[in-house]
Amino acid sequence: MIRILALVLSLVVVCGLHAQTSKPNIVFILTDDHAYQAISAYGSQLAQTPGIDRIAREGALFRNSFVTNSICGPSRACFLTGKYSHINGYKVNEKTFNINQPVFPEQLQQAGYQTAWIGKMHLDSIPHGFDYVRVLYSQGHYYNPVFIDKQYQPEKQSGYVTDIITRFSTDWLDQRDSSKPFFLVVGQKATHREWLPALEDLGAYDDKEFPLPPNFFDNYIHRAAAADQDMTIDKTMRLAEDLKVHVNYDKANDYNRMDSAQRRIFKAYYDGISEAFDDAHLTGEALLKWKYQRYLKDYLSTAKSLDRNVGRLLDYIDSHGLRNNTIVVYASDQGFYMGEHGWFDKRFMYEESLRTPFMMRYPGHIKPGSQVDGMVLNIDWGPTLLDMAGIKPAAAMQGQSFAPLVTGHAKDIRDALYYHYYEFPQPHHVHPHFGLRTKQYKLIRFYGQLNSWELYDLQADPQEMKNLIQDKKYAKLVKSLRAQLATLAARYQDQEVVNLLAAEK
Ligand code: CA
């Protein structure tokens, strides 16, 4: 009996140790406004992204990855809490994240992880759950940015933001306690507006002529909210601030912080662009097309540094014995329009901004080159990482682990997703809306000043140009999708939507 007890005890000790040492490290690269249309792993025709593609090639590419509220700060709040915006309270960018609520990195800490967030966070408060914080002040700057620590102490840096964040990340990895597993969020500012490339990438795409998306000249017919936005390349995108034509280098904040050597190189490039622009005397459609080309050139040049730095980080991980026991994730806080519907920016429940890139590498656990088709959400990211670390996600989290999708144990974790966007009217006049997306259909309800429904068949109309809501053929389908929407709103405790739908019955 004593011998058996001793054996059991020794097994407990061995298993306990095993559990302790086998916990995976996690590096979560979270970028800002990086569109899947600009990533070659997703079949981009616009640019090659060999650094980012490596994660998909050596791991899994998620083909149906979405957000629950397509905007920066709120998306990060959904990530940290695993809850919808109406539950975590961070519905719009101007708000401050309420730190008096649980976030999933606290669960990692309790399980023995050391945790860090380095780079862009932009929650205007610093949530619990991180042992180490070195983040950009607010939105941050591309050149010579200011970082703050946990005590909000500012520290000015010299150089380009994407390089600095990567360097800070590897510095932290160098200095960490290597006896413990770690969770590191590398929050990149790129590719946020106003798309300032690294000096070495200026003009990287100047030889390229980008094709216009097929729905670039959208007339928004039968789509009242799409017609009423303020985010077109034509009218909203600014020649000076966004496209750097005759920028006032002494007044604009991003330029007057450059040192003289940086400014000389930057100015030489954009002065050349401004001169060519003046000589061309563009108007009308020619001007619009020119703006589109310049937008893509700057955006993709900014992404070029991002891609190079992802490669650098992977090189570090692989050359420091961390490759096999580290989960590496690449994701953006939401998608972005690269001229589809004539737009830039995000917010709408249409595909380009509802989707977000997501890929994950974990050698020995995820088969290289895996493609995941199941629909996943940003509120699932936390529960998934906890699950993969052998930690039970807190019951109050609304997302669910999609680990079974990468281990091949399941094809789907949901048959429909729920979405709710709030920020209105500023800055881009996108009316608040909520909706439901299944594999084939999308039902959207705009509310507030607008009171309109939209229905799309994503298979027949992937560009979402034909609102089918008035088509009698779909009346039965709309009824069932609407019921499913009400069920999801109730499940996720979105009382505002539950009440609104109930009042209309
Ligand atoms: Ca964003």
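Below, each value reflects all heavy atoms present in this structure, side chains not excepted, and no hydrogens, waters or symmetry copies. All ligand and atom numbering here is 1-based and tracks the order in the structure.
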Option passing salt bridge (charged side-chain N to carboxylate O under 4.0 Å, His left out) with Arg193 (candidates Asp242, Asp254, Asp345): Asp242
Report yes if some heavy atom in the side chain of His141 is under 4.5 Å from a heavy atom in the side chain of Lys156; otherwise report no. no
Angle at the Ca ion (ligand 1) (to 10°), with one arm to OD2 of Asp333 and the other to SG of Cys72: 100°
Of the N, O or S atoms in Asp32, the one nearest the Ca ion (ligand 1): OD1
Counting backbone and side-chain atoms alike, does Ser75 have an N/O/S atom under 3.0 Å from the Ca ion (ligand 1)? no
Taking the inter-plane angle between the rings of Phe266 and Tyr255 on a 0 to 90° scale, is it parallel (under 30°), tilted (30 to 60°) or perpendicular (over 60°)? tilted
Taking NZ in Lys150 as the centre, count heavy atoms belonging to other residues, nucleotides or ligands within less than 6.0 Å. Is the count above 12? yes
Looking at Asp33, pick out the N, O or S atom nearest to the Ca ion (ligand 1) and give its name. OD1
